[in-house]
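Order of the sequence lines fixes the chain letters, A, B, ..., with proteins taken first and strands second; residue numbering starts at 1 for each chain.
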Amino acid sequence: MKTHTPQGRRGPAQAGQLLSFVRKEFYHVLRDRKTLLILFGMPVVQVLLFGFVLSNEVKDTRIVVVDQAKDEASRQLIDKIDASRYFTVVRDQVPPSRITDAFRSGDIKAALVIPSGFERKLVREGSNTVQILTDATDINLSNTIESYLRAIISDYAREARFTGPMPYAIVPEMRMLYNPELRGAPNFVPGVMAMVLMLVCVMMTAVAIVKEKELGTMEVLLVSPMKPALVILAKAIPYLLLSVINLLAILALSVTVLDLPIRGSLPLLLGESTLFITTCLTLGILISIVTESQQAAMFASLIGMLLPTVILSGFMFPIEDMPVALQVLANVVPSKWYYTIVKDVMIKGAGFSAIWRETAVLLGMTLFLFVLCLRKFKIRLA
Amino acid sequence: MSTTGTTYAIQAEGLTKRFGAFIAVNAISFQVGQGEIFGFLGANGAGKTTAMRMLCGLSRPSAGQARVAGFDVRTQTEDIKRNIGYMSQKFSLYEDLTVTENIDFFAGIYGLPKERIRRQRDELIGKLGLGKEADKLVGGLPLGWKQKLAFSVAVFHGPRIVFLDEPTGGVDPVTRRQFWDLIYEATGQGITVFVTTHYLDEAEYCDRVSIMVDGRIAALDTPAALKEQFSTDSMDAVFYQLARGARRGDA
């Protein structure tokens with residue numbers, strides 16, 4: 001591009017332009033109370049909702065114990081379960097044949113069957129087996145009940161003192177009713193992170209840029225000496241900052257409130273997140289270039305990004321169980337790769353060597369989208 | 001600044017814009033002198049906005065030449081942008097920003113120094129009588145005030161030419177008249193004004209008027225000369241006689 005201005009004035013002038021623009025963009029965001037509420041309220045509510053409220057349901061779960069042994073050991077075990085704040089043992093005698101009915105009517109969420117001769121076998125052989133039945137129509141609940149019961153039972157096995165060989169081992173034998181293959185409960189924090197970043201970066205950025213087109217202010221901006229690319233960049237910067245704040249808030253919440261530690265390296269996690277944010281921003285900008293109205297931009301973001309994120313990222317539904325066509329399609333959804341990265345780094349504590357492939361894919365997607373943006377933008381200006 | 005031997009603010013020669021088979025602007029030629037108020041009239045769809053976008057460097061001509069402030073619209077759009085102001089048909093200020101913030105923002109993207117922005121901004125607010133409203137959101141101002149403010153912001157950086165795309169839509173004749181007082185004041189400072197409008201009383205305020213029909217300039221002269229040429233005493237009648245032959249409807 002050819003210009004006749006003396007060089008040297010351009011650098012600082014552009015920095016000044018950018019600063020004016022970013023300041024103005026913050027006025028927009030900070031004065032739009034509703035958007036602000038959604039922006040910061042949503043991640044907090046989602047994290048609390050997914051984590052706290054749901055896991056609390058396990059408090060005082062009604063459990064039926066079919067005690068076929070009725071000896072000292074079985075009584076001790078039942079008392080221990082009843083004493084925990086997670087379970088309330090239904091004392092009424094329920095014949096084994098009626099358990100299925102109790103499950104069906106929703107009266108109980110779990111049942112424990114202690115075989116006859118429980119103590120005798122435990123003392124003689126040092127181990128025994130009990131049966132746990134859970135209502136696996138609710139996967140999360142079923143999983144949680146199982147792990148709590150396991151913990152209580154193995155606790156008991158460690159503490160129990162009878163004559164004979166020690167320690168005792170009681171092996172809970174699981175049977176998941178109604179959903180025997182029991183898919184893994186979604187690890188929601190990485191999912192919430194992907195979803196929130198997607199919403200903020202793609203939708204809000206796209207809508208914010210298209211809004212200028214609708215208001216007619218984009219024309220005024222394009223007639224100004226500010227470079228079009230700089231206009232777009234300036235629009236994206238505030239959302240980048242907001243996304244980072246949101247990301248830190250989600251991480252802080254999951255560590256403090258949900259006791260979900262970050263096992264891997266925090267800088268690695270933040271670095272990968274920044275990469276994903278860049279991918280999303282580029283996508284948001286692309287949508288804003290090809291759409292002309294806020295509704296269209298919002299629609300494109302929701303259909304194009306949010307829906308695939310929820311359905312195809314592996315967050316709600318495991319990808320391995322999907323038809324092959326959907327499995328292939330899932331590969332073009334950026335959040336699928338980010339979700340894997342976050343799960344690996346945050347939950348499994350993996351290092352970069354485990355996620356370099358995902359990182360490369362995200363990087364490639366970003367570059368591709370960026371080139372596409374530049375091309376579409378030039379066409380629009382011609 | 002080198003104007004390569006021309007004294008015209010705007011000079012167009014066979015300027016043409018095609019969109020596929022459709023010729024939006026068909027080889028128009030005209031000159032606008034420095035400090036002139038040039039009215040650009042035409043029915044909707046006549047090609048006014050497209051012509052104006054080419055002159056502002058927003059759209060590349062398919063054929064022909066044009067120079068704005070002495071710069072070529074094909075190759076020197078950056079220089080053109082630095083030397084023009086623009087006020088759009090749609091409202092061009094941010095409603096959720098205050099009067100002061102709007103001025104600061106637009107002055108900022110033109111790269112004006114802070115000191116100058118502050119001094120000139122206070123002057124402007126005083127002149128427009130917006131002292132009490134300076135820190136209020138623009139959204140709450142009456143439309144007439146918004147338009148006056150938008151115009152003042154468009155010429156804030158001291159452009160040589162200001163392009164106004166139907167600047168006075170939706171306001172009463174009295175407010176329109178006040179708006180034109182601002183335009184006269186700007187031309188008094190040597191700013192050239194290029195204005196599109198469909199209010200024919202506004203056409204009377206222009207030094208010269210061009211009327212576009214179907215992408216071509218059908219007539220171009222002073223309002224008085226045009227009225228004489230079409231032997232009538234109102235611009236309304238001139239416009240009607242010309243626009244009657246238009247093939248492109250008010251779609």
Side-chain angles (χ1 to χ4, degrees), chain A residues 1-36 208 211-235 292-293 377-382, chain B residues 1-2 17 19 49 52-53 55-62 70-72 74-98 100-114 117 137 139 150 153-154 157 159 162-163 165-166:
Chain A
M1 212 161 289
K2 198 168 136 198
T3 72
H4 291 256
T5 20
Q7 293 296 318
R9 233 204 89 220
R10 299 188 61 84
Q14 288 199 347
Q17 287 175 336
L18 196 64
L19 202 70
S20 297
F21 209 116
V22 171
R23 189 186 303 133
K24 165 226 154 200
E25 217 48 47
F26 270 109
Y27 288 141
H28 287 322
V29 177
L30 297 179
R31 283 178 192 165
D32 188 353
R33 291 283 151 84
K34 260 183 264 170
T35 309
L36 209 59
K211 197 173 176 184
E212 301 250 11
K213 284 196 205 174
E214 266 190 8
L215 289 176
T217 41
M218 189 54 102
E219 293 273 286
V220 184
L221 297 177
L222 291 177
V223 172
S224 83
M226 194 159 171
K227 287 235 188 329
L230 207 61
V231 170
I232 302 288
L233 182 70
K235 295 244 26 144
E292 290 299 327
S293 73
F377 198 57
K378 285 217 180 93
I379 291 168
R380 215 190 87 81
L381 285 180
Chain B
M1 196 153 313
S2 138
K17 181 75 183 187
F19 296 107
T49 303
M52 187 151 161
R53 286 175 61 86
L55 295 175
C56 293
L58 284 180
S59 175
R60 193 178 284 273
S62 313
F71 297 108
D72 192 313
R74 287 173 187 278
T75 56
Q76 297 172 301
T77 52
E78 295 290 304
D79 298 281
I80 290 176
K81 286 176 181 178
R82 217 166 281 121
N83 284 287
I84 63 172
Y86 178 82
M87 179 182 166
S88 111
Q89 180 171 17
K90 292 185 197 167
F91 186 56
S92 46
L93 297 175
Y94 294 99
E95 306 237 320
D96 56 342
L97 261 57
T98 67
T100 310
E101 286 161 358
N102 264 295
I103 298 174
D104 287 357
F105 168 68
F106 283 105
I109 61 169
Y110 275 90
L112 300 190
K114 270 195 189 128
I117 295 177
L137 300 186
V153 166
H157 59 287
V162 62
F163 289 87
D165 191 2
E166 300 192 357

Task: Pairwise distance CG(A:Leu19) to NZ(B:Lys114) - rounded to 0.5 angstrom - done: 7.0 Å
Open item on the list: A:Lys24: which residues meet the salt bridge (charged side-chain N to carboxylate O under 4.0 Å, His left out) condition with it, sequence neighbours left out?
Closed with: A:Glu212
Open item on the list: Is any side-chain heavy atom of A:His28 closer than 4.5 Å to one of B:Leu97?
Closed with: yes
Task: Student check: side-chain heavy atoms of B:Asp96 and A:Asp32 closer than 4.5 Å - done: no
Task: Nearest-0.5 Å distance that lies between atom CG in B:Asp104 and atom OH in A:Tyr27 - done: 7.5 Å
- [ ] Output the distance between atom CG (A:Leu230) and atom CD1 (B:Ile109), rounded to the nearest 0.5 Å.
- [x] 10.0 Å
TODO: Any chance you could measure B:Ile117, atom CD1, to A:Ser20, atom OG, to the nearest 0.5 Å?
DONE: 6.0 Å
Task: Identified side chain to side chain contact (heavy atoms under 4.5 Å, CB included) counterpart of A:Val223 within the set B:Ile80, B:Thr77, B:Ile84 - done: B:Ile84
- [ ] Flag the pair B:Tyr86 / A:Leu222 as yes when at least one side-chain heavy-atom distance between them is below 4.5 Å, and no otherwise.
- [x] no
- [ ] Under 4.5 Å heavy-atom distance to chain B, tell me which part of A:Glu214 shows up: side chain, backbone, both or neither.
- [x] backbone
- [ ] Determine, for A:Arg31 against B:Glu101, whether the closest basic-nitrogen to carboxylate-oxygen distance falls under 4.0 angstrom.
- [x] yes
TODO: Would you mind checking which part of B:Phe163 comes under 4.5 Å of any heavy atom in chain A, side chain (CB onward), backbone (N, CA, C, O), both or neither?
DONE: neither
TODO: Please tell me if the side chains of A:Met226 and B:Lys81 come closer than 4.5 Å, counting only heavy atoms from C-beta onward.
DONE: no
